[in-house]
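Side chains included, hydrogens not; waters and symmetry mates left out as well; all remaining heavy atoms used. Naming: A, B, ... by sequence-line order, numbering from 1 per chain. As the structure is a prediction and not an experimental result, all values here were calculated from the model.
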Protein chains: 2
Amino acid sequence: MKEKQSSHVPVQPDERMARLVRLAARGFNRALQLRLQTENVTFGQWIFLRILWQEDGLSQRELSDRAHLTEPTAHTALIKMEELGFIERRNVEGNKRRQHAFLTRKGLELRDVLEPLALEVNDAAMAGLSKKAQEDLRNALSVMIRNLENDEHDAAARGVRVPPTKGNTAN
Amino acid sequence: MKEKQSSHVPVQPDERMARLVRLAARGFNRALQLRLQTENVTFGQWIFLRILWQEDGLSQRELSDRAHLTEPTAHTALIKMEELGFIERRNVEGNKRRQHAFLTRKGLELRDVLEPLALEVNDAAMAGLSKKAQEDLRNALSVMIRNLENDEHDAAARGVRVPPTKGNTAN
DNA sequence: CATCTAATATTAGATGTCTATCTTTAATGC
DNA sequence: GCATTAAAGATAGACATCTAATATTAGATG
């Protein structure tokens with residue numbers, strides 16, 4: 001059945017996929033934040049905590065790489081996390097440039113509380129999707145991500161400066 | 001075939017989908033911004049322009065609804081767009097509350113320049129995906145979006161205050 | 001018609017993100 | 001070994017987004 005077409009508002013098929021993807025991303029973010037806030041952890045802190053649970057003691061640079069975020073973003077998040085007592089930042093073995101982040105007991109303990117929340121979000125999002133549908137979805141998303149990365153690299157190669165993302169996931 | 005398991009870094013299957021979706025959203029955003037910046041239009045301005053090309057003269061409230069953004073967000077974007085001469089804001093027919101936005105010639109003309117850019121992004125992203133794969137992808141995303149919306153509503157019904165999204169699409 | 005309530009817009013303040021630039025420390029090359 | 005280059009981090013400034021609070025106007029009600 002064709003989509004009903006309202007009088008003077010033609011569909012924009014070319015933007016539909018981007019819009020759906022952005023809405024889905026926003027849904028995930030909000031659902032997770034909703035849960036994190038009950039533990040007074042922000043989304044940004046969650047990102048870095050999750051990485052540190054896997055590999056403690058990474059440098060700021062390594063953390064920003066793994067998070068796919070810039071260093072200033074990592075910097076401010078890590079400063080805040082140190083203030084909150086989730087991590088300790090310090091140099092190691094004579095290198096005074098690298099600032100490594102180490103989980104405190106508090107930061108470590110958050111893992112048991114927070115990880116189940118991410119699971120919950122995932123389960124909520126996946127309701128009604130078969131294993132196969134999920135697998136197909138992951139594959140299709142991976143293809144798009146790779147395509148868009150190539151697009152960005154191509155643009156960079158043409159000398160275009162890539163602007164900030166400003167996380168607008170709306171629309 | 002099982003996924004190979006690296007020494008001490010277990011996979012987190014529960015977060016993989018969210019991460020993929022966020023990365024895809026970021027890819028779309030960056031690819032579009034890359035193109036918009038050559039015309040000195042920001043992502044936020046694009047969002048409202050696109051809506052106004054469909055329905056000129058909407059109020060700020062109507063615009064924020066359609067964009068899935070809050071009123072303050074729409075407000076600042078629209079103020080800026082008026083400064084840039086893309087739109088004119090004014091009241092209509094005796095209602096002094098509603099601020100309606102009307103495209104100027106300049107705002108209208110941007111359409112022909114900008115819309116093809118969105119098409120380009122879409123084409124780049126869809127490379128290698130069959131029509132059917134795209135359709136399946138849209139369906140699966142729609143299911144997830146609905147699931148996550150329900151999750152949010154459920155939480156709201158339980159009295160939880162929903163935090164801002166802060167567009168982090170990374171990770 | 002005067003007042004209360006609802007709708008709409010605005011302002012203020014927080015956060016997360018980015019780019020660009022500056023500072024400090026390490027590594028490299030004569 | 002000193003000077004240059006590279007790496008890592010820190011800082012400044014811009015922007016999009018949110019919530020919360022405030023102001024203004026419209027509509028409803030006694």
B:Q37 CD to D:dA16 P, straight-line distance once rounded to whole Å | 13 Å

Separation of atom CZ in A:F48 from atom C1' in C:dT15, rounded to whole Å | 14 Å

Give the intermediate values and the outcome of side chain to side chain contact (heavy atoms under 4.5 Å, CB included) for residues B:R89 and B:H100.
-> CA-CA 6 Å; B:R89 294 164 70 246; B:H100 296 259; over 6 Å; no

Expected list for residues 73-88 of chain B near DNA chain D, using heavy atoms below 4.0 Å, is B:T73, B:T76

In whole Å, what is the span from the CG atom of A:D65 to the P atom of D:dA7?
-> 13 Å

Partners passing side chain to side chain contact (heavy atoms under 4.5 Å, CB included) against A:L108 (at least two apart in sequence or in another chain) | A:L103

Of all the choices, D:dA10, C:dT10, D:dC18, which nucleotide is nearest to the side chain of A:Q99 once you look at every atom?
-> D:dA10

Note: A:E135-A:R138 ion pair, threshold 4.0 Å (strictly below) | yes

For A:T76, enumerate each residue passing the side chain to side chain contact (heavy atoms under 4.5 Å, CB included) test, keeping only those at least two apart in sequence or located in another chain.
-> none

Between A:K96 and A:Q45, which has a closest nucleotide on DNA chain C that is more 5'?
-> A:Q45

Phosphate OP1/OP2 of C:dT10: any B:Q60 side-chain N/O under 4.0 Å = yes

Go through the structure and list residues passing salt bridge (Lys or Arg N to Asp or Glu O under 4.0 Å) with A:R146, not counting sequence neighbours.
-> none

Just distance, no hydrogens or angles: give the donor-acceptor pairs under 3.5 Å from side chains in residues 57-64 of chain B, sequence neighbours left out.
from	atom 1	to	atom 2	distance (Å)
B:S59	OG	B:E62	N	3.2
B:S59	OG	B:E62	OE1	3.3
B:Q60	OE1	B:H75	ND1	3.1
B:R61	NE	B:E71	OE2	3.2
B:R61	NH2	B:E71	OE2	2.8
B:E62	OE1	B:S59	N	2.8
B:S64	OG	B:Q60	O	3.4
B:S64	OG	B:R61	O	2.9

Under a single-linkage definition using a 4.5 Å side-chain heavy-atom cutoff for Ile, Leu, Val, Met, Phe, Trp and Tyr, are A:V143 and A:L141 assigned to the same hydrophobic cluster?
-> yes

Would you say B:R98 reaches C:dT10's phosphate, i.e. side-chain N/O to OP1/OP2 under 4.0 Å?
-> no

Rounded to the nearest Å, what distance is computed from the CG atom of residue A:L58 to the P atom of nucleotide D:dA8?
-> 13 Å

Tell me, please, which residues at least two apart from B:T42 pass side chain to side chain contact (heavy atoms under 4.5 Å, CB included).
-> B:Q45

In whole angstroms, the gap separating P of C:dA7 from CD of B:E71 amounts to 12 Å

Measuring from A:M81:CE to A:T104:OG1, what's the distance to the nearest 0.5 Å?
-> 9.0 Å

Could you list the protein-to-nucleotides 3-6 of chain D atom pairs, N/O on both sides, closer than 3.5 Å?
none

If only side-chain N and O atoms of B:R90 are considered, is one of them under 4.0 Å from the OP1 or OP2 phosphate oxygen of C:dA9?
-> no

Write down the distance between CG (A:N91) and P (D:dG9), rounded to a whole number of angstrom.
-> 9 Å

Out of D:dC18, D:dT11, D:dG9, which has the shortest distance to the side chain of A:P72?
-> D:dT11

Across all chains, not counting sequence neighbours, the salt bridge (Lys or Arg N to Asp or Glu O under 4.0 Å) partners of B:D136 are B:K132

Kindly say if B:S59 contacts the phosphate of C:dT8, meaning a side-chain N or O under 4.0 Å from OP1 or OP2.
-> no

State which of C:dA9, C:dC18, D:dG9 makes the closest approach to the side chain of A:T70.
-> C:dC18

Dot-bracket encoding of pairs in DNA chain D, which uses [ ] for pseudoknotted crossings and | for another strand, Watson-Crick or G-U under 3.5 angstrom | ||||||||||||||||||||||||||||||

Which residues satisfy the salt bridge (Lys or Arg N to Asp or Glu O under 4.0 Å) test with B:R97, sequence neighbours excluded?
-> none

Just jot down the salt bridge (Lys or Arg N to Asp or Glu O under 4.0 Å) partners of A:E149, sequence neighbours excluded, or say none.
-> none

Rounded interatomic separation in angstrom, taking CG from A:L69 and P from C:dT19 = 11 Å

By side chain to side chain contact (heavy atoms under 4.5 Å, CB included), B:A133 pairs with (sequence neighbours left out) B:L129, B:S130

Shortest side-chain distance from B:R61, nucleotide among C:dT19, D:dA10, C:dA9 = C:dA9

Calculate the interatomic distance between B:L34 atom CG and C:dT19 atom C1'; express it in whole Å.
-> 14 Å

A:T42 has a side chain; which of D:dA26, C:dT8, C:dG16 sits nearest to it?
-> C:dG16

